[in-house]
Amino acid sequence: MAQEDIFKKLIAHCKEYGFVFQSSEIYDGLGAVYDYGQNGVELKNNIKKYWWDSMVMLHENVVGLDSAIFMHPTIWKASGHVDAFNDPLIDNKDSKKRYRADVLIEEQLAKFEEKMNKEVAKAQKRFGDAFDEKQFRETNPRVLANQQKWNELHARFAKALNDNDLAELKQIIVDQEIACPISGTRNWTDVRQFNLMFGTEMGSTADGALKVYLRPETAQGIFVNYLNVQKTGRMKIPFGIAQIGKAFRNEIVARQFIFRMREFEQMEMQFFVRPGSELDWFEKWKETRMKWHRALGFGDDNYRFHEHEKLAHYANAAVDVEYKFPFGFKEVEGIHSRTDFDLSQHQEFSGKKIQYYDPELGESYVPYVVETSIGLDRMFLQIMSASYFEEELESANGKKDTRVVLKLPAPLAPVKLAVMPLVKKDGLPEKAREIIDDLKFDFNCQYDEKDSIGKRYRRQDAVGTPFCATVDHQSLEDQTVTIRYRDTMKQERVAISELKEIIASQVNFKALFAKLS
RNA sequence: GCGGGAGUAGCUCAGUGGUAGAGCAUCAGCUUCCCAAGCUGAGGGUCGCGGGUUCGAUCCCCGUUUCCCGCUCCA
């Protein structure tokens with residue numbers, strides 16, 4: 001089957017079995033926003049637990065944090081998000097290319113400068129050593145003409161930018177007869193503002209309100225709490241702060257199901273280190289994180305590192321962990337060496353000293369940061385993609401059959417155990433309930449008595465339940481049940497009293513964590 | 001944002017200018033079965049939404065919204 005078809009089936013499966021629903025579906029939906037259903041929320045919580053415990057429980061120098069979504073607006077100025085996430089964009093209707101309007105105008109300004117410089121260069125050649133550039137620039141009519149154009153355009157451009165006047169920006173592009181470099185035409189759309197940050201107002205009165213943003217990343221909540229955690233937790237460098245939380249980006253194009261959403265959840269850990277040691281830690285965390293992914297057992301070859309060639313303004317090293325999705329290798333996690341950019345920026349913008357006194361060195365410094373940042377929703381999709389199988393089966397009488405099975409790692413499965421009476425009479429349902437009542441404090445259990453036993457097994461396969469226990473007449477006599485395994489479909493008869501231990505040995509995270517060290 | 005495709009029952013999809021059907025699923029009853037498809041019955045849709053053409057629109061036209069694909073964008 002084509003990979004794309006599998007992806008489509010996976011999306012349908014997510015809906016049909018209560019993993020993922022589109023937001024506000026009965027109102028036609030809301031673009032690129034999704035809700036997690038009764039099984040999805042369980043899986044998601046289990047993924048969080050796997051990540052959180054592997055960070056906070058297994059590393060004594062990593063602690064947790066849960067910072068608010070709303071933060072002081074200046075934080076986003078300090079982080080660079082206000083500038084970098086705020087672009088006036090314009091499209092050329094013929095070439096279908098999109099440009100930043102401000103960049104187009106700046107290029108036009110550069111053209112005038114170029115013309116002036118050419119005149120200067122020509123004159124310099126002609127006059128040689130006697131050439132007085134300052135005088136030339138002040139007197140040459142061609143240079144003066146261009147300089148005046150430059151001045152006029154620059155003044156107009158600066159005013160438009162300051163006033164955030166998009167119509168004026170468009171008018172400038174029209175007036176300057178700026179053409180698309182690809183199509184060569186001047187057939188432009190209007191200039192539109194694309195701000196990747198969602199904004200709202202805090203405070204009840206309009207004039208006294210503070211413009212606040214929904215955070216576009218969770219990292220800043222960690223940076224601005226660096227001092228609080230370091231001091232109250234008596235943390236010594238190197239140490240890390242982990243956080244799971246929602247982030248929001250008003251994506252221009254948000255697609256591929258839950259791969260790129262407007263509201264999404266991140267699991268981030270910022271690790272603070274001594275300057276100069278950041279690249280060693282970067283390598284160490286690369287390795288640690290890759291192990292974490294591979295421990296799930298979806299095939300080592302399905303993961304790879306993708307080194308960033310173009311680094312963001314804050315980073316001196318960056319790598320993605322990519323997984324082979326049905327639509328190709330895609331980023332699941334990013335590991336970045338963020339230098340001291342963020343803490344220094346906050347130090348500058350807040351006016352508070354954000355430093356660490358290193359007793360070994362006997363000096364204070366702004367720590368460097370190595371970040372691991374994983375998209376929880378992407379991780380969810382990755383696990384669903386990797387777990388979804390359509391198996392061809394042949395039964396004893398030669399009948400062909402297919403089953404859809406989610407081979408989720410047992411610790412992550414939404415339901416751990418389904419208990420079902422073989423038939424719904426003769427006291428079998430009561431016995432099944434009895435077993436659940438005993439085990440429900442340990443595992444998420446489900447009871448099912450509807451339809452044939454085979455059908456019930458398949459229903460559990462579809463949501464990834466690793467174990468089914470079936471109560472039959474023999475159970476009443478000798479206190480045993482048949483346990484049926486999801487992946488192999490094998491069955492064996494075990495004592496009811498053994499169930500707890502059999503399941504516990506498979507569904508706890510210990511086996512996974514053992515692969516991490 | 002541009003271009004293309006799609007939207008009919010929970011799911012997969014038929015269908016017709018005269019107000020809708022199948023299979024599966026769901027529910028109830030029968031059957032009592034260890035790998036989905038045995039029998040009987042029931043519920044469920046203002047055919048994405050809005051407007052237009054028409055005596056009449058699920059069907060034709062326009063707009064809009066959502067999803068998919070390509071481009072674009074992407075800390």
Side-chain angles (χ1 to χ4, degrees), chain A residues 4-5 7-9 11-13 15-18 21-34 79-81 84-85 87 89-100 182 189-192 194 196 216-217 219-220 247 249-257 259-260 266 308 310-315 318 320 327 331 334 336 338 341-342 371 373 391 393-397 399-405 420-426 428 449-462 468-474 481-486 488-493:
Chain A
E4 261 167 31
D5 292 338
F7 189 54
K8 274 185 185 164
K9 289 201 168 190
I11 294 170
H13 191 86
K15 187 189 173 188
E16 194 167 355
Y17 289 93
F21 305 125
Q22 199 192 354
S23 165
S24 319
E25 198 183 328
I26 62 170
Y27 287 96
D28 283 341
L30 190 62
V33 184
Y34 291 89
S79 69
H81 284 84
F85 265 17
D87 299 330
L89 298 178
I90 189 166
D91 292 286
N92 183 273
K93 290 179 188 168
D94 299 309
S95 65
K96 313 290 183 204
K97 294 288 172 189
R98 168 170 298 158
Y99 301 91
R100 280 177 54 174
I182 306 288
T189 63
D190 284 340
V191 176
R192 284 156 305 208
F194 285 86
L196 261 341
E217 65 173 28
Q220 299 305 323
R249 286 184 200 173
N250 202 357
E251 299 283 353
I252 301 166
V253 173
R255 250 189 296 193
Q256 274 169 325
F257 196 42
F259 190 79
R260 177 165 295 144
Q266 292 184 306
H308 284 214
K310 202 179 131 209
L311 294 171
H313 61 268
Y314 55 73
D320 292 338
F327 44 91
E331 177 189 351
H336 306 111
R338 291 180 80 127
F341 176 82
D342 299 278
E371 162 190 86
S373 172
E391 290 184 346
L393 302 176
E394 198 164 334
S395 53
N397 57 12
K399 233 177 12 179
K400 295 255 188 216
D401 190 17
T402 60
R403 74 158 180 161
V404 173
V405 54
M420 19 221 187
L422 187 60
V423 295
K424 55 180 171 193
K425 62 174 187 183
D426 304 334
L428 301 191
E449 62 174 25
K450 173 82 180 158
D451 298 313
S452 76
I453 191 69
K455 200 172 224 175
R456 282 178 270 166
Y457 286 152
R458 299 301 177 82
R459 270 204 288 264
Q460 296 300 329
D461 287 342
C468 294
T470 302
V471 176
D472 56 17
H473 291 92
Q474 192 185 330
V481 290
T482 52
I483 185 164
R484 180 263 193 189
Y485 300 97
R486 178 194 66 198
T488 60
M489 298 172 72
K490 291 262 160 52
Q491 299 176 49
E492 57 184 338
R493 185 161 280 277

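So you know, we letter chains A, B, ... as the sequences are listed, proteins then strands, and number each from 1.
- Distance A/E391 CD to B/A36 P: 13 Å, rounded to the nearest Å.
- A salt bridge is absent between A/D461 and A/R456: the closest approach of a Lys/Arg side-chain nitrogen to an acidic carboxylate oxygen does not fall below 4.0 angstrom.
- Using modelled atom types and a 3.5 Å distance limit, the side chains of A/Y485 and A/Q491 yield no donor-acceptor pair.
- Rounded to an integer number of Å, the gap from OH of A/Y457 to C1' of B/A36 is 13 Å.
- Annotation: B/U46 and B/G56 have their C1' atoms spaced 16 Å apart (nearest Å).
- With salt bridges taken as basic N to acidic carboxylate O contacts below 4.0 Å, none links A/K425 and A/E449.
- For A/D451 and A/K424, the salt-bridge test fails: no basic side-chain N is under 4.0 Å from an acidic carboxylate O.
- With hydrogens and angles ignored, a donor-acceptor pair under 3.5 angstrom links the side chain of A/D472 to the base of B/C34.
- The distance from atom CD of A/E16 to atom CD1 of A/I11, rounded to the nearest 0.5 Å, is 13.5 Å.
- When heavy atoms are screened at a 4.0 angstrom cut-off, A/D426 is found touching no nucleic acid atom at all.
- When the nearest nucleotides of RNA chain B are assigned to A/E16 and A/K490 by heavy-atom distance, the more 5′-ward of the two goes with A/E16.
- In this structure, A/D451 places its CG atom 12 Å from C1' of B/C24, rounding to the nearest Å.
- At a threshold of 4.0 angstrom between heavy atoms, the contacts of A/S373 with the nucleic acid are absent.
- For the P atoms, the distance from B/G38 to B/A57 is 43 Å, rounded to whole Å.
- Note on A/K424: every side-chain N or O is 4.0 Å or more away from OP1 and OP2 of B/U32.
- Residue A/S452 is classed as a sugar-phosphate contact, given heavy-atom separations below 4.0 Å to backbone atoms only.
- Distance check on atom P: B/C67 versus B/U53 gives 31 Å, rounded to whole Å.
- Note on A/R484: a base of the nucleic acid sits closer than 4.0 angstrom, heavy atoms only.
- Checking B/C60 for Watson-Crick or G-U wobble geometry (two distances, each under 3.5 Å) identifies B/G52 as its partner.
- No engagement by A/E25 is indicated, since no non-hydrogen atom pair under 4.0 Å with the nucleic acid exists.
- Here B/C24 presents its P atom at 23 Å from CZ of A/R403, a figure rounded to the nearest Å.
- When the C1' atom is used for both B/C73 and B/G44, the distance is 43 Å, rounded to whole Å.
- Contact annotation for A/Q491: base contact, defined as any heavy-atom pair under 4.0 Å involving a base atom.
- The base-pairing partner of B/C67, taking Watson-Crick or G-U wobble contacts with both distances under 3.5 Å, is B/G5.
- Residue A/K455 holds its NZ atom at 7.0 Å from CZ of A/R459, rounded to the nearest 0.5 Å.
- Applying the 3.5 Å distance criterion, the base of B/C74 shares no donor-acceptor pair with the side chain of A/R249.
- The C1' atoms of B/C71 and B/G15 are separated by 35 Å, rounded to the nearest whole Å.
- Side-chain contact check for A/R403 versus A/Y457: every heavy-atom pair is 4.5 Å or farther apart.
- Rounding to whole angstrom units, CG of residue A/N250 and P of B/C74 are separated by 15 Å.
- Applying the 3.5 Å distance criterion, the base of B/A75 shares a donor-acceptor pair with the side chain of A/H81.
- Using the Watson-Crick or G-U wobble rule with both distances under 3.5 Å, B/C30 pairs with B/G38.
- With a cut-off of 3.5 Å on both Watson-Crick or G-U wobble distances, the partner of B/G44 is given as none.
- Contact annotation: A/K15 does not reach the phosphate of B/G10 (side-chain N/O to OP1 or OP2, under 4.0 Å).
- Nucleic acid contact for A/L422: base, since at least one base atom lies under 4.0 Å from a heavy atom of the residue.
- Checking B/A75, B/A36, B/C34 against the side-chain heavy atoms of A/T470 singles out B/C34 as nearest.
- If you measure from atom OH of A/Y485 to atom P of B/C35, you get 17 Å, rounded to the nearest angstrom.
- Of the two residues near RNA chain B, A/A12 and A/V404, the one whose nearest nucleotide lies more 5' is A/A12.
- Contact between A/H13 and A/A462 at its shortest, heavy atoms only, is NE2-O, 2.7 Å.
- Separating the NZ atom of A/K450 from the C1' atom of B/U32 is a distance of 14 Å, rounded to the nearest angstrom.
- Separating the C1' atom of B/A25 from that of B/G45 is a span of 15 Å, rounded to the nearest Å.
- One finds a side-chain N or O of A/Q22 lying less than 4.0 angstrom from the OP1 or OP2 phosphate oxygen of B/C67.
- If you take atom P in B/A6 and the same atom in B/G48, they sit 13 Å apart, rounded to whole Å.
- Across all strands shown, nothing is found opposite B/A14 as a Watson-Crick or G-U wobble partner with both distances under 3.5 Å.
- As a whole-Å value, the separation of A/R459 CZ from B/C11 P is 18 Å.
- Spacing of C1' atoms, B/C55 relative to B/G17, comes out at 12 Å, to the nearest Å.
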